[in-house]
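Working notes, structure below.
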There are 2 protein chains.
Amino acid sequence: MPASKTSKKLSIRDIGRELGISITTVSFILNGKAKEKRISEALTEKVLKFVEEVNFKPNMMAQGLRTGKSKIICLMVEDISNNLLFAQVARLIEEEAHNKGYRIIYCSTDNKKEKALELIRLFRDRSIDGYIITPPEGIENEVQSLINEGIPVVLIDRNLPKLKCSHVVIENLNSTNEAINHLIANGFKNIAFVTLDSEQTQMADRLGGYEKALSDHGLKPYIKKLGFHESPEQNIREIVSFLGENKNIDAVFFATNYIGVWGLQAIKILNLRIPDDIAVISFDDQDLFKFYSPSITVVAQPVPDISNHIIKLMLNALEEKDTGVHEIVLPAKLIVRESSSLKNT
Amino acid sequence: MPASKTSKKLSIRDIGRELGISITTVSFILNGKAKEKRISEALTEKVLKFVEEVNFKPNMMAQGLRTGKSKIICLMVEDISNNLLFAQVARLIEEEAHNKGYRIIYCSTDNKKEKALELIRLFRDRSIDGYIITPPEGIENEVQSLINEGIPVVLIDRNLPKLKCSHVVIENLNSTNEAINHLIANGFKNIAFVTLDSEQTQMADRLGGYEKALSDHGLKPYIKKLGFHESPEQNIREIVSFLGENKNIDAVFFATNYIGVWGLQAIKILNLRIPDDIAVISFDDQDLFKFYSPSITVVAQPVPDISNHIIKLMLNALEEKDTGVHEIVLPAKLIVRESSSLKNT
DNA sequence: GAAAAATGCTAAATCGATTTAGCGATATTA
DNA sequence: TAATATCGCTAAATCGATTTAGCATTTTTC
């Protein structure tokens, strides 16, 4: 096929002129209102055929100006590059959005309240039809004001409990609980939990699952909280000293994938063998955990399922098929690998 | 701060009415044309102050309709989730784009010609100001027609040599050549090259760098080409049989990061020790290679540098500061790790 | 056969900005 | 002092769609 001619862009007006009809009629037909507006079938078909022939595409700016809708969804994540989870979600929601005529812009908050507020302010009043957000703590008011304006918001990965807002999260408490119970069942007794210094729901729930398992079995907790905004090097050092100071720890749960990566480095530095010296489980699956020696047991999130729910909630809200508040909680899956195998006692 | 009042959105007309001046004046001032249009300083300041006070933001749809510019850049990559490289680029170009008032939509081609054409057709005539593309083979005509329409295009990761089009790539030939020479210098003699069945420039150049090194040293090439659209499992099987059938191979270069991951699995399946039985180098760095046992030598791309060039080229073209064709070729870096250490002869 | 209803279509207002052409008042020039 | 230039600002057209209100015809109703 040759490169298309650099003809001027067609407008609905051109279509009308060519066919000798009004732009109103063309508009009605293109918007599927032919029946409703009693346009004859003959004309309807003629117009559709012509539009197809000349490959006319309505100008989105004009449509947007008139209707107030941009057909743009904002995907606001912690960091699209830092956590494969978010890139995967981005990939999976993309196609469905395009199918429905929506485009997706992305931005990264770095999990910072200020950055998130800045971004919401940057985009609000700029005709974004809907927001998919991994909310940092403290942006409740801004999110609420989006909701107040009738703009669909879907929170993902974590929730803002003070708000009545649709969200898609996983069973953080249960899945972590299951993972810790698996360690306990395998004979580990001094189980540490390395997490972030964060009150976000997903982190709080994971900690809750850990604490429940320990108290159910009368075990002593070892909890280490890291700073999200510290450098990886600093956090690795923190894990090294934590594990170094608590030499009786025989298993450790890392509450996110990147903490898991830091943790593995710390364990390497300490020259500990997995699982003989220390058993390991991490949240979130990724290649590194699959192929590490030994392979690492993980709590894996059902990414395709999560993504489907996200985009379905968003599209239903945008098309006003279902604007209700939905709280989707999906199960996560413990994938047992070598790093948590039965302890020799 | 309380949630903002759900007041109606302000328009330039409201500003004019409030201040008792025409919308023309407001528009001139907001567009920085106050001087040029001889608006008095007093009025200019008054307007700017008021606009700031009421937090007025012009309607992008209206602006877009009038100016024909959407302030949207399309980032079209192979797969935003499959290759961390692309997610990292996405992250790094995002901020700079926002600073200049641009938003970024993304889409994934799966490296398929048809998908890419479909996406370009989906977005063209939909007011996208510029395209950043990792082009699959065979979309030359479509890209050319974008260029013909004066829409800025920056190709990344690979080039379309038939086109005069700005691009940002790395020194694939030299860097691969250096990596192979490193293997040769370390005593490896039967060096295999596992790549894709693809004519794309980056893959061709990597192969070229391999072939040059081998012919420079009079060594015999062992080349295996995999199908990009085969399943990982199938490709792993392919590598297993390839290495199995050529038992004299003592080193292998994997031409992309995901091939590297497949390759490591194949080597595990074959129960070969790295580097004693087989030395390994992969293109592209990532956690898995850093922390693998043994750690994997890689050719690392300078991602921040790449991203800076991409967004700078794009913004300069969009702002018509520099609409010329620029061919940026950046050096990649060989990071020597355990997997390619000196062969004991 | 006249009034009412249905049919098939359109004129014109509107969304909110940008931009061209130009108006009245004052200042400068000759 | 009359012609011209400058100053400071504005009216109105325009971008390309959607949508309300309504206009001729034709058909139905009684």
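The chains referred to below are lettered A, B, ... by the order of the sequence lines, with proteins before strands, and numbering in each begins at 1.
Side chains of B/M61 and A/S70 form a contact here, defined as non-hydrogen atoms less than 4.5 Å apart. Residues A/M60 and A/R103 meet the side-chain proximity criterion, which asks for heavy atoms closer than 4.5 Å.
Atom pair B/D14:CG and C/dC15:C1' shows a separation of 13 Å (rounding to whole Å applied). Atom CG of A/L65 and atom P of D/dT14 are 17 Å apart (whole Å). In this structure, A/R38 atom CZ and C/dT10 atom P are separated by 13 Å, rounded to whole Å. When the C1' atom of C/dC15 is taken as reference, atom CZ of A/R66 falls 6 Å away, rounded to whole Å. Per the geometry, CE belonging to A/M60 stands 16 Å off C1' belonging to C/dC15, to the nearest Å. Put simply, CZ on B/R17 is 20 Å from P on D/dC9, counting in whole angstrom units. With rounding to whole Å, A/K69 atom NZ is found 12 Å from D/dT19 atom P. C/dT18 atom C1' lies 16 Å from atom CD1 of B/I15, rounded to whole Å.
Counting heavy-atom neighbours within 6.0 Å of A/E320 CD, excluding the residue itself, gives a total of 12 or less.
Residue A/K33 places at least one side-chain N or O closer than 4.0 Å to OP1 or OP2 of D/dT19. For B/T25 and D/dT10, the shortest distance from a side-chain N or O to OP1 or OP2 is below 4.0 Å. Between A/N31 and D/dT18 there is a side-chain polar atom (N or O) within less than 4.0 angstrom of OP1 or OP2. Between A/S27 and the phosphate of D/dT18, there is a side-chain N or O to OP1/OP2 separation shorter than 4.0 Å. For A/Q63, no side-chain nitrogen or oxygen approaches OP1 or OP2 of D/dG16 to under 4.0 Å.
Between A/E94 and A/R91 a salt bridge is recorded (basic side-chain N to carboxylate O distance below 4.0 Å). With respect to A/E137 and A/K162, no salt bridge is recorded, no charged nitrogen being found less than 4.0 Å from a carboxylate O. Between A/E41 and A/K35 there is a salt bridge, with a side-chain nitrogen of the basic residue lying less than 4.0 Å from a carboxylate oxygen of the acidic one.
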Could you summarise the pairing of DNA chain D as dot-bracket text, marking Watson-Crick and G-U pairs under 3.5 Å with ( ) or [ ] inside the strand and | across strands? ||||||||||||||||||||||||||||||
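Residue contacts shown for B/S40 are limited to sugar-phosphate atoms, with no base heavy atom under 4.0 Å away. Within the nucleic acid shown, B/I23 comes within 4.0 Å of at least one base atom, counting heavy atoms only.
Interface remark: the A/R13 side chain does not form any donor-acceptor pair with the D/dG16 base, using a distance-only criterion of under 3.5 Å. Within 3.5 Å, no donor on the side chain of A/T24 pairs with an acceptor on the base of D/dT18, nor the reverse.
Each of C/dT19, D/dT18, C/dC9 was ranked by its minimum atom distance to the side chain of A/I39; first place goes to C/dC9. Residue A/F28 places its side chain closer to D/dT20 than to any other of C/dA17, C/dT18, D/dT20.
Along DNA chain D, the nucleotide closest to A/K37 and the one closest to A/S11 are compared, and the more 5′ of them pairs with A/S11.
Judged purely by atom type and a 3.5 angstrom limit, B/T134 has no side-chain atom pairing as donor or acceptor with the backbone of B/D157.
Relative to the six-membered ring of A/F28, A/K33 misses at least one condition, a distance below 6.0 Å or an angle of at most 45° to the axis.
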